[in-house]
Amino acid sequence: MKKLFLFDAMALIYRAHFAFAKTPRISSKGLNTSAVFGFTNTILEVIQKEKPDYLGVAFDTSAPTFRHIEYTPYKAQREKQPEDITIAIPYVKKLVEALDIPILILDGYEADDIIGTIAKKAVRANPEIEVYMMTPDKDYGQLVEERIKMYKPAFMGKGVEVLGPKEVCAKWNIQNVDQVIDMLGLMGDAVDNIPGVPGVGEKTAQKLIEEYGSMENLFKNTDKLKGKLRENLENFQEQGMLSRHLATILCEVPIEYEEERLIKTEPNRELLEPLLDELEFRTLRRRILGEEPEPVAAKAKASPKVAANQMDMFGSPVAAPADFMMSDEAEEAVSHFNNLANTAHQYHLVQGEAAIKSLIGFLARQTSFCFDTETTSLTAVEAELVGMSFAYRKGEAFYVPFPADQAEAQAQVDLFKELFANEAIQKVAQNIKYDMSVLANYGVEIKGATYDTMLAHYLIEPEKRHNMDALSMAYLSYEPLSIETLIGKKGAKQGNMRDVALEDIKEYAAEDADVTLQLKPFLDEQLAKNPKAIELLNEVELPLARVLSKIECEGVNLDVAFLQEMSKTLETDSREVQQKIFEVAGQEFNVASPKQLGEILFEKLKLDPKAKKTKTGQYQTGEEILSKLEAEHEIARLILDFRELQKLKSTYVDALPQLISPKTGRIHTSFMQAVTATGRLSSKDPNLQNIPIRTPRGREIRKAFIPRDENFQILSADYSQIELRIMAAFAQDEAMLNAFNQGIDVHKATAAKVFKVGLDEVTSELRRRAKAVNFGIIYGQSAFGLAGSLGISRTEAKEIIDQYFVEFPGVKAFMDTTITNARELGYVETVLGRRRYLRDILSANMNERSFAERNAINAPIQGSAADMIKVAMIRIQAFIERENLKSRMILTVHDELVFDAHVSEIDYLRTHIDEIMCQALDLGVKIETGIGVGMNWLEAH
DNA sequence: TGCGTCACG
DNA sequence: ACGTACGTGACGCAA
């Protein structure tokens, strides 16, 4: 069998464009090359993997098709083509030409019509040919037959998918592929503005087609149906038939099938090379042409991908990389590519005390340098220094290896102490918190100004990725040497940094410092676009990184014996519960398997005939579902108990002691400073921000968080209703501000107003409801959601919300103006100017838009609370250091700070922590805290 | 690796 | 007709 691959260019371009939405590839000239890059990659991967014999790429044209002519609204509501795509198309065409692949295009027809026609003609003309249609578009399912298949390229972590008739039928739950168009006709297609039949979605369409086989037969038998569905099917017959017509791919397009033309050939190098250069696809260029893209001698050595006698993917011999020595002249010549990280570079190895001292002397004369540490572990507390790299200007960097003997290493680190303590020099790094922690273990403190490319980018685009490789690709269009080439992929087989050859680690480490330093000007340029961002970086995030490093290194003391005892109890209890479950179920099974559990509950015990299934076809067995079943069958309660016991045991009781550092005997979480979309911190390895407190059994775990010794106690300080206070301040809502400023219980006050009763008449139930409403408001909740969370009817919920807005008109106005502003600006921001971009705020898709609107309300509130506690943390840490206290800040949990407090300092701490927290940001609303002290974290609450 | 579930603010 | 409250991280299962 020969293989013919037909590509739907536009569909693949769109897909590539959005796949790179998070980290678009931008060339040095500001060209967004994501779409071209993704498209090229797809083509090349297919060529490499599938070895096609014939190739063709189909494009749409701007000319109207029969679909536009017969149905004016066709694709009319479609959002304007993103500009990046418009620009990308000519490049894609040039690229396809350079690869010498025929372009299939015809005015008046869309790519799918062309591909359909060619595919059908090809299999008829040649019994030895198999056609693969490269497209992510589901509509192609209708064309599939024995030798015509859909080939969905790999996407978002999913592998490639090849769909033949069997697969297509299974996907749509139909008997044969002709029914695809019936399905499409009934469902319509929002993307193309094909209406379908109102009230019929995928599920209904599936049922109808399964029952009646085709649209014609369905419309003949509408009398067998009833209600609104029947009405719609009868009234919208014509619209349904038209929709099917529009969704039908034409296979009779006037285009010839010229097999010889489609035969795969070699790419045209004269066209390809300049094009790849212009697009700055260095890695791709190497893959296609098998040459070194840039004259970097060292990199060629480090990269095993290119060998002198290697064959490239097109089967051509690869030229050996030319020996290269970068002269000053050559450096001058390439300097106009001033954003290219991998142009001329000089990476020096620095060894021996004399050389190191001379390097330090040199760095000490700079106003700023960039550095990076190479270590034996990703866990800072455990990490031993393997080496350090330093860059001071573009293209030049130094690598200093450190001895494995820790006493010798310590002596060498000591040489750098003064340099890092020099307040006149700015220290630049990527994720500087990690380097601070590593150095702190060697007694080195970083003083003076710092800069962190990760944190800078977090403030520019909080929702994108901030690792150095991603930044380098995005801003420098350069793919740095990967750590994996040095030590292998993560996992058991991962090698050790110590085992890497000196020359390799030098190239890698020095490049990291070099690239990081090169990123800075690009990030600064972006930062300058938000007037508050620079201050936010310098006054909040960078000082906070230092504070977080201290907190992490400090660690938390854990009562291991207590947890071990608890583990035993949990083990016994959970066995008991499991046994009961087996008895009640009448058989043994894996209770922890949602799949098996679902089958027991809903098939064997038939607990709920309308049991909901997840998108993967399994029964839902979540907490909400099981709670509802509690009244029906005792198994529900047992399973919930079992789950709680398992969760507590596996996630906390057994896991936490494992994470105690052998070096310090304490647990050291990592606070992630550039993860959340709103500005909050997150905590991992372990996550100490989700230690149980809501259930009696769960909160016991907090008893294991104890002070370091008998002279200390745990002190916990948390903001009271901080998000609600912030909303009151933003909204300047008089009623709510009054409640806070007069120190009235705000949920009680809300209940009194919304339910129109006196303050003294507020029952606990009314207060509970009011609290739920207050929370819901912060999240932009709907009547449906409130009804769900309170277990009341949607009508009741709506009345409550309406009344809420009558009583708190400022809140309503705040929500409305926030959304209006977000629509205009495309982002919302916190009190300190931390932005969140809301790309979907104008989306035509209601779900997407609603989601963006809820984010618009929530992000400034949640984010401003984060701003506030961050400022408080910085000031409290400064206070502790200024006063030389023995007490230490050890945790932060969104609105709470936890301290290991020396008993002699507790009263003093209490006063100052309260004052600093309350005064961190002045928003014009009274801020209150709650502070508690105890022998463990639970008692401190 | 993705999914379902569940811990927190 | 659909989905329906924001923000996280970790674990076990199943593929």
Side-chain angles (χ1 to χ4, degrees), chain A residues 156-159 187-188 190 196-205 228-229 232 462-463 590-598 613-626 639-640 643-644 646-652 654-656 659 669-672 675-695 698-699 701-702 718-719 721-723 772-789 794 797 836 845-848 850-851 853-863 865-866 869 892-896:
Chain A
M156 302 285 286
K158 285 191 181 132
M187 288 159 52
V197 175
V200 180
E202 183 171 339
K203 288 282 171 307
T204 316
K228 195 78 192 160
L229 182 61
N232 281 335
E463 289 183 78
N590 187 347
V591 187
S593 159
K595 190 179 147 78
Q596 295 180 32
L597 177 63
K613 290 203 179 180
T614 64
K615 56 187 167 185
T616 51
Q618 296 190 31
Y619 293 104
Q620 285 186 10
T621 64
E623 204 262 340
E624 212 176 316
I625 307 269
L626 290 174
I639 290 161
L640 287 170
R643 288 241 177 99
E644 184 183 7
Q646 287 291 309
K647 178 83 176 178
L648 295 178
K649 185 163 186 298
S650 67
T651 306
Y652 305 104
D654 290 346
L656 288 174
L659 288 155
T669 182
S670 294
F671 287 104
M672 306 299 286
V675 169
T676 73
T678 54
R680 271 191 179 178
L681 299 173
S682 79
S683 153
K684 65 170 193 159
D685 304 322
N687 182 351
L688 295 184
Q689 293 185 324
N690 70 348
I691 302 302
I693 194 165
R694 291 173 186 169
T695 67
R699 75 166 60 108
I701 291 170
R702 294 200 171 211
D718 67 329
Y719 280 116
Q721 277 129 20
I722 187 62
E723 294 193 348
V773 180
N774 276 330
F775 270 102
I777 292 293
I778 293 172
Y779 302 142
Q781 188 184 36
S782 66
F784 179 96
L786 182 64
S789 69
R794 211 187 300 191
R836 177 167 185 182
N845 178 321
M846 209 237 309
N847 280 331
E848 288 173 2
S850 306
F851 192 53
E853 286 173 359
R854 295 196 293 271
N855 287 155
I857 307 284
N858 180 256
I861 298 173
Q862 191 182 111
I869 200 166
T892 165
V893 194
H894 308 311
D895 64 357
E896 174 189 9

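- Nucleotides C:dG3 and B:dG4, compared at atom P, are 14 Å apart to the nearest Å.
- Checked against side-chain contact (heavy atoms from CB on, under 4.5 Å), A:Ser593 has the following partners two or more places apart in sequence or in another chain: A:Asn590, A:Lys595, A:Gln596.
- Listed by chain and residue number, A:Tyr458 satisfy the side-chain hydrogen bond (donor to acceptor under 3.5 Å, both in side chains) test with A:Thr676 (two or more places apart in sequence, or in another chain).
- A salt bridge links A:Glu723 to A:Arg680: at least one charged side-chain nitrogen sits closer than 4.0 Å to a carboxylate oxygen.
- Protein atom CZ of A:Arg702 is 13 Å distant from nucleotide atom P of B:dA7, rounded to whole Å.
- When the C1' atom is used for both B:dG2 and C:dA5, the distance is 24 Å, rounded to whole Å.
- For A:Asp718, there are no side-chain hydrogen bond (donor to acceptor under 3.5 Å, both in side chains) partners two or more places apart in sequence or in a different chain.
- Projected onto DNA chain C by closest heavy-atom contact, A:Met846 and A:Asn858 fall at different nucleotides, the more 5' of which corresponds to A:Met846.
- For the P atoms, the distance from C:dT4 to B:dC3 is 16 Å, rounded to whole Å.
- Distance check, rounded to the nearest 0.5 Å: CG of A:Leu681 to OG1 of A:Thr892 gives 5.5 Å.
- Using a distance-only test at 3.5 Å, with no hydrogens or angles considered, no donor-acceptor pair links the side chain of A:Arg836 to the main chain of A:Ala856.
- Scored by the side-chain contact (heavy atoms from CB on, under 4.5 Å) test, A:Tyr619 finds A:Phe602, A:Glu603, A:Ala611, A:Lys613 as partners (sequence neighbours excluded).
- The CD1 atom of A:Ile691 lies 10.5 Å from the CG atom of A:Leu648; values are rounded to the nearest 0.5 Å.
- Evaluation of the side-chain contact (heavy atoms from CB on, under 4.5 Å) rule for A:Leu640 yields A:Glu623, A:Leu626, A:Ser627, A:Glu630, A:Arg637 as partners, not counting sequence neighbours.
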Query raised in the report: Are A:Leu688 and A:Leu656 close enough, and set up right, to give a side chain to side chain contact (heavy atoms under 4.5 Å, CB included), and what steps lead you there?
Result: CA-CA 10 Å; A:Leu688 295 184; A:Leu656 288 174; 4.1 Å; yes
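- Distance A:Ile693 CD1 to B:dA7 C1': 12 Å, rounded to the nearest Å.
- Between the NZ atom of A:Lys647 and the C1' atom of B:dT5 there is a distance of 7 Å, rounded to whole Å.
- For A:Asp654, the salt bridge (Lys or Arg N to Asp or Glu O under 4.0 Å) partners are A:Lys649, not counting sequence neighbours.
- A heavy atom lying under 4.0 Å from DNA chain B marks the following residues of residues 675-687 of chain A, by number: A:Arg680.
- The NE2 atom of A:His894 sits 5 Å away from the C1' atom of B:dG9 (whole-angstrom rounding).
- Nearer the 5' end of DNA chain C, as judged by each residue's closest nucleotide, is the contact made by A:Asn232, out of A:Arg854 and A:Asn232.
- For the contact set between residues 781-788 of chain A and DNA chain C, defined by any heavy atom under 4.0 Å, the members are A:Gln781, A:Ser782, A:Phe784, A:Gly785.
- Counting 5' to 3', DNA chain C first comes under 4.0 angstrom of a heavy atom of chain A and last does so at the ends given by C:dA1 to C:dA14.
- In this structure, CG of A:Leu656 is placed 15 Å from P of B:dA7, rounded to the nearest angstrom.
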Report summary line: Here DNA chain C, pairs taken as Watson-Crick or G-U under 3.5 Å and shown with ( ), [ ] when crossing and | when to another strand, reads .....|||||||||.
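- In this structure A:Thr669 satisfies the side-chain hydrogen bond (donor to acceptor under 3.5 Å, both in side chains) test together with A:Ser683, sequence neighbours excluded.
- Using a 4.0 Å heavy-atom cutoff across all strands shown, A:Met672 reaches no nucleic acid atom at all.
- Using atom C1' as the reference point in both B:dT5 and C:dC2, the two lie 24 Å apart (nearest Å).
- Here A:Arg694 reaches the OP1 or OP2 of B:dG9: one of its side-chain N or O atoms lies under 4.0 Å away.
- Nucleic acid contact for A:Gln862: base, since at least one base atom lies under 4.0 Å from a heavy atom of the residue.
- Residues satisfying the side-chain contact (heavy atoms from CB on, under 4.5 Å) criterion with A:Asn690, sequence neighbours excluded, are A:Tyr652, A:Asn687.
- Using a 4.0 Å heavy-atom cutoff across all strands shown, A:Gly622 reaches sugar-phosphate atoms only and no base atom.
- Using a 4.0 Å heavy-atom criterion, one finds that A:Arg836 contacts the sugar-phosphate atoms exclusively.
- Side-chain N or O atoms of A:Ser789 include one that pairs as donor or acceptor with a backbone N or O of A:Leu786 at under 3.5 Å.
- No contact: A:Asp718 has no heavy atom under 4.0 Å from any strand.
- Here the straight-line distance linking atom CD1 of A:Ile861 with atom CD1 of A:Ile722 works out to 11.5 Å at 0.5 Å rounding.
- Among the heavy atoms of the strands lying under 4.0 Å from A:Gln596 are primed sugar atoms or P, OP1, OP2 only; no base atom is included.
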